[in-house]
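To start, the structure itself, in structure tokens.
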Amino acid sequence: MVEKSKILIIGGTGHIGKFIVEASAKAGHPTFVLVRDSTFSNPSKSSLLDTFKSFGVTFLYGDLYNHESLVKAIKQVDVVISTVGHGQLGDQGKIIDAIKEAGNVKRFFPSEFGNDVDRTNAVEPGKTAFATKARIRRAVEAEGIPHTYVSSNFFAGHSLLTLAQPGAKGPPEEKVVIFGDGNPKAVFNKEDDIGTYTIKAVDDPRTLNKILYIRPPGNIYSFNELVSLWEKKFGKTLEKIYVPEDQVLKKIQESPVPLNVMISIRHAVFVKGDHTNFEIEPSFGVEASELYPDVKYTTVDEYFNQFV
């Protein structure tokens with residue numbers, strides 16, 4: 001039997017990171033998480049760290065901003081997956097430097113897990129966030145580091161329950177705001193499935209130096225289709241407020257951080273169609289549900305059932 005790659009996750013206690021850590025451990029990969037000393041004294045992280053321990057995860061002490069600790073951690077593994085948050089995206093050059101020095105990494109997954117940043121119509125401030133990810137891609141390629149970029153589109157946990165209403169904490173009660181005409185198709189994936197697909201790609205030669213798009217057919221919906229499914233599930237009709245593009249752009253300019261970033265990304269997806277307005281060509285990408293038909297992913301329809 002082929003030995004499974006040893007995987008280091010940097011940013012493993014973050015929103016998507018924890019799902020990738022769990023998927024890695026459950027798939028039988030020796031799984032390592034880079035942790036700072038301060039993480040262990042953080043009460044909000046303690047139950048998560050206990051869960052990781054129960055999966056057999058190994059903690060490696062280190063810090064993104066301590067080159068020596070990063071190199072030491074990376075030398076112990078085969079694959080590095082970064083799931084660092086928004087504020088640290090630009091600092092992933094430090095991971096690239098450490099990978100270069102360590103010299104043993106078979107694959108690097110930089111922190112992506114959203115839209116394909118090389119195929120985007122985003123306006124500011126989302127444009128700058130995407131440009132930061134694109135800059136990291138170019139640095140990875142320039143150094144000749146074997147890589148996979150995961151374009152997982154929307155996290156179900158962030159967008160489905162609230163019906164993608166920016167800033168909302170729960171489902172809509174009476175009305176729903178729809179950007180544009182509601183017809184471009186978007187993709188919504190459950191975080192566990194993103195973890196599973198990401199880990200399946202680790203040792204797969206078909207995903208080497210490619211973009212792995214997570215675009216399963218059961219999770220592709222236009223905003224209008226999403227609302228009508230929601231209405232059917234919950235047995236109530238929502239008042240639909242359509243916001244034309246010029247008003248969306250105005251709203252982006254008038255909104256504070258981070259709401260302006262969220263709205264600009266939703267504009268790119270729901271008005272410009274950035275999740276699905278291009279074909280996945282074999283020269284640059286592969287689609288996860290086609291590569292791994294054995295994965296029983298959670299469909300949007302099934303996801304809604306848990307709230308009914």
Side-chain angles (χ1 to χ4, degrees), residues 15-16 86 89 111-134 137 149-168 171-172 176-191 193-194 197 211-230 238 240-253 255 257-280 285 287-289 297 299-301 303-304:
H15 178 72
I16 195 62
H86 188 73
L89 289 173
S111 189
E112 290 259 347
F113 308 103
N115 290 25
D116 179 3
V117 296
D118 283 335
R119 291 162 186 84
T120 179
N121 295 285
V123 297
E124 293 297 359
K127 186 179 181 180
T128 293
F130 289 168
T132 302
K133 288 183 177 181
R137 286 187 179 190
Y149 308 135
V150 180
S151 174
S152 56
N153 302 300
F154 276 152
F155 296 152
H158 280 174
S159 53
L160 282 183
L161 179 61
T162 61
L163 268 187
Q165 302 297 287
V176 60
V177 174
I178 299 171
F179 290 170
D181 62 11
N183 290 327
K185 304 267 190 185
V187 187
F188 306 85
N189 291 307
K190 196 178 180 200
E191 286 86 336
D193 296 330
I194 295 170
Y197 283 128
I211 302 166
L212 177 72
Y213 294 95
I214 305 179
R215 208 195 263 188
N219 291 351
I220 303 170
Y221 281 79
S222 72
F223 212 131
N224 291 328
E225 290 167 343
L226 196 65
V227 171
S228 91
L229 176 66
W230 192 96
L238 297 168
K240 295 158 198 69
I241 299 159
Y242 287 90
V243 182
E245 184 174 15
D246 60 332
Q247 291 301 307
V248 178
L249 295 171
K250 190 164 177 278
K251 199 172 169 64
I252 293 167
Q253 288 173 341
S255 296
V257 178
L259 193 60
N260 58 351
V261 181
M262 286 165 65
I263 298 172
S264 65
I265 292 169
R266 281 164 168 72
H267 166 263
V269 175
F270 293 126
V271 179
K272 297 299 188 186
D274 274 7
H275 282 179
T276 55
N277 62 9
F278 60 92
E279 293 296 320
I280 299 168
E287 198 283 311
S289 66
Y297 67 89
T299 64
V300 169
D301 191 303
Y303 191 87
F304 277 149

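What you see below is based on every heavy atom in this structure, not just the backbone, and it leaves out hydrogens, waters and symmetry mates.
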task: Decide yes or no on side chain to side chain contact (heavy atoms under 4.5 Å, CB included) for D118 and F278, but give the supporting numbers first.
output: CA-CA 11 Å; D118 283 335; F278 60 92; over 6 Å; no
Point-to-point distance, once rounded to the nearest 0.5 Å, from [atom1] of [X] to [atom2] of [Y]:
X    : Y    : atom1 : atom2 : answer
I194 : F113 : CD1   : CZ    : 8.5 Å
S264 : L259 : OG    : CG    : 9.5 Å
F130 : I265 : CZ    : CD1   : 4.0 Å
E124 : N260 : CD    : CG    : 10.0 Å
Q165 : R266 : CD    : CZ    : 8.5 Å
N277 : K272 : CG    : NZ    : 10.0 Å

Answer with yes or no whether the side chains of [Y] and [X] bring together a donor and an acceptor at under 3.5 Å.
X    : Y    : result
N224 : Y242 : yes
H158 : E191 : no
D274 : T120 : yes

- request: Answer yes or no: is there a donor N or O on one side and an acceptor on the other, between the side chain of Q247 and the main chain of P244, under 3.5 Å?
  value: no
Side-chain donor or acceptor of Y197 paired with backbone N/O of S152 under 3.5 Å: no
Side chain to side chain, [X] and [Y], heavy atoms closer than 4.5 Å:
X    : Y    : value
H267 : K251 : no
P125 : I252 : yes
E245 : L249 : yes
I263 : F179 : yes
T299 : N219 : yes
L226 : W230 : no

Kindly give the heavy-atom pair with the smallest separation between [X] and [Y], and that separation in Å.
X    : Y    : result
E112 : N115 : OE1-O, 4.3 Å
F188 : S159 : CD2-OG, 3.5 Å
L163 : F304 : CD2-CZ, 4.2 Å
N189 : I214 : ND2-O, 2.9 Å
A186 : F270 : CB-CE2, 3.7 Å
S289 : P216 : OG-CA, 3.5 Å

- prompt: Would the number of heavy atoms belonging to other residues, nucleotides or ligands and lying under 6.0 Å from NZ of K127 be above 12?
  reply: no
message: Can you confirm whether K240 is buried at NZ, in the sense that more than 12 heavy atoms of other residues, nucleotides or ligands lie under 6.0 Å from that atom?
response: yes
- request: Identify whether NZ of Lys or CZ of Arg in R119 sits under 6.0 Å from the centre of the six-membered ring of Y149 and within 45° of that ring's axis.
  value: no
task: In sequence, state the C-alpha distance, the side-chain angles, and the governing distance for S151 and N153, and then conclude on side chain to side chain contact (heavy atoms under 4.5 Å, CB included).
output: CA-CA 6 Å; S151 174; N153 302 300; 4.0 Å; yes
query: Can V261 and T128 be said to form a side chain to side chain contact (heavy atoms under 4.5 Å, CB included), step by step?
result: CA-CA 9 Å; V261 181; T128 293; over 6 Å; no
